[in-house]
Amino acid sequence: MSVLDLAADAAVLFDRLVALRRSIHAEPEIGLHTPRTRDKIRKALAHLPLEWREGPSTTGLVATLKGGAGDGPCVLLRGDMDALPMPEETGLDFASTIPGVMHACGHDAHVAMLGGAAEVLAGRADRLRGEVRFMFQPGEEGYHGARFMLDDGLLGGADRPLPDAAFALHVMPNAPHGIVGGRAGPLLAAADQLQITVAGRGGHASMPHDTLDPVPIACEIVSAIQTMIARRFSVFDPVVVTIAKIESGTAHNVIPDTARMTGTIRTLSAANRARLKEELPLLAAGIAKAHGLAAEVHILEGFPVTVCDPQAVDLGEKVAREMFGEQSFLRLADPIMGAEDFAYVLEKVPGAMFFLGVSRAGEDWRQCCGIHSTRMMVDESVLPQGAAFLAGLATTFLERGWG
């Protein structure tokens with residue numbers, strides 16, 4: 001089955017992909033429960049021969065397309081559905097109608113491209129050997145939606161095995177137009193939330209000697225964390241710890257009782273992730289104790305490291321080059337310290353996530369607003385390319401496996 005034929009089939013769907021993307025963009029939903037988005041997906045794909053499953057924990061959907069050419073392997077394609085709690089400032093005609101909620105990470109485009117892949121593959125189901133599962137997932141933006149769908153058995157469980165391979169595609173507005181990017185090994189970081197509370201004894205700001213001032217201790221802890229990262233962790237296994245918020249005090253002349261800090265921990269290995277969970281509390285408590293105060297550290301576990309299988313990345317590169325030309329695929333030299341809950345799927349199923357550049361053709365992509373920007377834009381002309389690439393990943397794996 002020629003991947004060029006898949007691209008041609010996807011190009012015909014352009015208007016439908018744009019319509020689905022814009023409909024979802026205009027009514028964004030947050031978290032694990034996205035019923036409007038779910039219903040739009042079901043309606044858009046209702047004419048296809050898909051078997052649908054839903055679970056009790058989310059409004060996530062898994063649609064299965066069974067090939068008509070006999071038994072074979074199973075491949076999973078995933079698109080996320082949820083939006084972000086932020087205002088939209090794009091000025092688009094189809095901008096969000098929900099105040100304070102926006103599709104600023106491209107999940108509306110992900111759904112449209114996955115729906116397009118389902119259309120393309122359903123049109124040649126009689127030639128497919130095996131099956132394709134389309135995972136429409138809510139709750140990617142910090143809600144662990146993929147983990148819930150796995151726990152609900154939607155991807156596989158007692159009644160059917162997990163897929164043999166899994167792929168996802170994520171748009172990048174500040175990347176070259178139409179370029180597919182990927183890398184073997186760690187692609188995205190694990191992300192945990194850090195909370196530190198320094199407890200002292202407040203009093204009058206003119207008499208700090210009669211208090212136990214938590215503010216300078218909090219500042220010392222922030223600096224010490226950066227020193228620890230720079231001097232005790234290898235630069236070849238990167239770690240990022242950022243304190244992004246410090247709260248303390250009520251007035252200019254009052255020393256407060258407490259200072260609170262929140263931040264993020266980003267790691268590319270399970271070893272460093274576990275090590276920081278042990279060493280950050282020791283560091284903060286030790287500094288506070290040296291000054292007669294106390295510090296408590298809480299680490300809220302987020303997504304694990306997104307690790308891409310080398311064979312899966314090789315397959316993606318092959319599909320992209322065959323479909324769009326030799327210059328269409330970019331091997332990323334370094335991981336990105338953002339995080340993705342597709343990592344939960346890749347912990348259980350070999351596969352890969354790829355990026356697709358959706359800056360406008362001819363624009364300087366370096367100047368484009370990135371994901372999670374209130375002004376993030378998607379060049380919709382790339383939607384059929386994303387749909388075709390996903391379909392190409394599925395057909396190539398079903399036909400050749402990792403070979």
Side-chain angles (χ1 to χ4, degrees), residues 3 6 60-65 67 72-80 107 110-111 113-114 117-118 121 128-137 140 144-151 153-157 160-172 180-190 268 270 303-323 329-332 335-336 338-356 386-403:
V3 293
L6 298 174
L61 301 166
V62 173
T64 300
L65 176 68
C74 173
V75 61
L76 175 78
L77 304 177
R78 176 270 209 166
D80 35 9
H107 296 186
H110 299 171
V111 168
M113 293 187 297
L114 185 58
L121 293 171
L128 295 178
R129 185 178 63 85
E131 67 179 48
V132 186
R133 296 177 195 165
F134 304 92
M135 177 186 180
F136 294 94
Q137 180 215 310
E140 191 282 324
H144 305 271
R147 189 185 70 197
F148 280 106
M149 291 184 71
L150 280 162
D151 291 346
L154 291 178
L155 277 61
R160 61 177 182 173
L162 287 167
D164 299 292
F167 298 98
L169 184 62
H170 199 300
V171 298
M172 278 293 183
V180 178
R183 76 183 305 272
L187 175 70
L188 293 153
L268 291 174
F303 303 153
V305 182
T306 303
V307 181
C308 296
D309 185 277
Q311 294 182 102
V313 178
D314 288 346
L315 186 148
E317 180 175 5
K318 181 179 180 62
V319 170
R321 294 191 190 283
E322 289 182 0
M323 191 173 280
F329 190 86
L330 175 65
R331 284 268 178 173
L332 303 178
I336 296 171
E340 242 290 345
D341 82 342
F342 189 59
Y344 290 118
V345 177
L346 295 183
E347 283 186 325
K348 297 181 178 296
V349 180
M353 169 173 274
F354 299 95
F355 296 118
L356 176 63
F389 179 66
L390 288 169
L393 292 170
T395 57
T396 303
F397 180 78
L398 294 182
E399 291 173 357
R400 312 175 200 170
W402 299 122

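For the pair Phe342 and Leu188, the minimum side-chain heavy-atom distance is 4.5 Å or more. Side-chain contact between Leu76 and Val349 is absent, with no heavy atoms from C-beta onward closer than 4.5 Å. Between Leu150 and Leu162 the shortest side-chain heavy-atom distance falls below 4.5 Å.
Contacts of His170 classified as ring-ring contact (aromatic ring centres under 6.0 Å, His included), with partners at least two apart in sequence or in another chain: His110. Residues satisfying the side-chain contact (heavy atoms from CB on, under 4.5 Å) criterion with Val111, sequence neighbours excluded, are Leu20, Ile24, Ile41, Met81, Phe136. Applying the side chain to side chain donor-acceptor pair (under 3.5 Å) rule to Gln311 yields no partners; only residues at least two apart in sequence or on another chain are considered. With sequence neighbours left out, Asp151 forms a side chain to side chain donor-acceptor pair (under 3.5 Å) with no residue at all. For Ala190, the side-chain contact (heavy atoms from CB on, under 4.5 Å) partners at least two apart in sequence or on another chain are Thr267, Arg273, Val305. For Phe134, there are no ring-ring contact (aromatic ring centres under 6.0 Å, His included) partners at least two apart in sequence or on another chain. Residues passing the side-chain contact (heavy atoms from CB on, under 4.5 Å) test with Leu154, sequence neighbours excluded: Arg53, Val62, Met149, Asp152. Scanning for side chain to side chain donor-acceptor pair (under 3.5 Å) contacts around Arg129 gives an empty result, with sequence neighbours left out. Annotation: salt bridge (charged side-chain N to carboxylate O under 4.0 Å, His left out) contacts of Glu317 (sequence neighbours excluded): Arg321, Arg331. In this structure Lys318 satisfies the salt bridge (charged side-chain N to carboxylate O under 4.0 Å, His left out) test together with Glu322, sequence neighbours excluded. For Phe389, the ring-ring contact (aromatic ring centres under 6.0 Å, His included) partners at least two apart in sequence or on another chain are Phe354.
The shortest heavy-atom contact between Ala189 and Ala339 is O-CB, 3.3 Å. Of all the heavy atoms in Val345 and Ala166, the pair that sits closest is CG1-CB, 3.8 Å.
Atom CG of Leu332 sits about 7.0 Å away from atom CZ of Phe355, to the nearest 0.5 Å. Asp164 contributes atom CG, which lies 9.0 Å from atom CH2 of Trp402 (distance to the nearest 0.5 angstrom).
With hydrogens and angles disregarded, a donor-acceptor distance shorter than 3.5 Å links the side chain of Thr395 to the backbone of Gly392.
The stretch residues 339-354 participates, sequence neighbours left out, in these side chain to side chain donor-acceptor pair (under 3.5 Å) pairs: Arg78-Glu340, Arg78-Asp341, Gln137-Asp341, His144-Tyr344.
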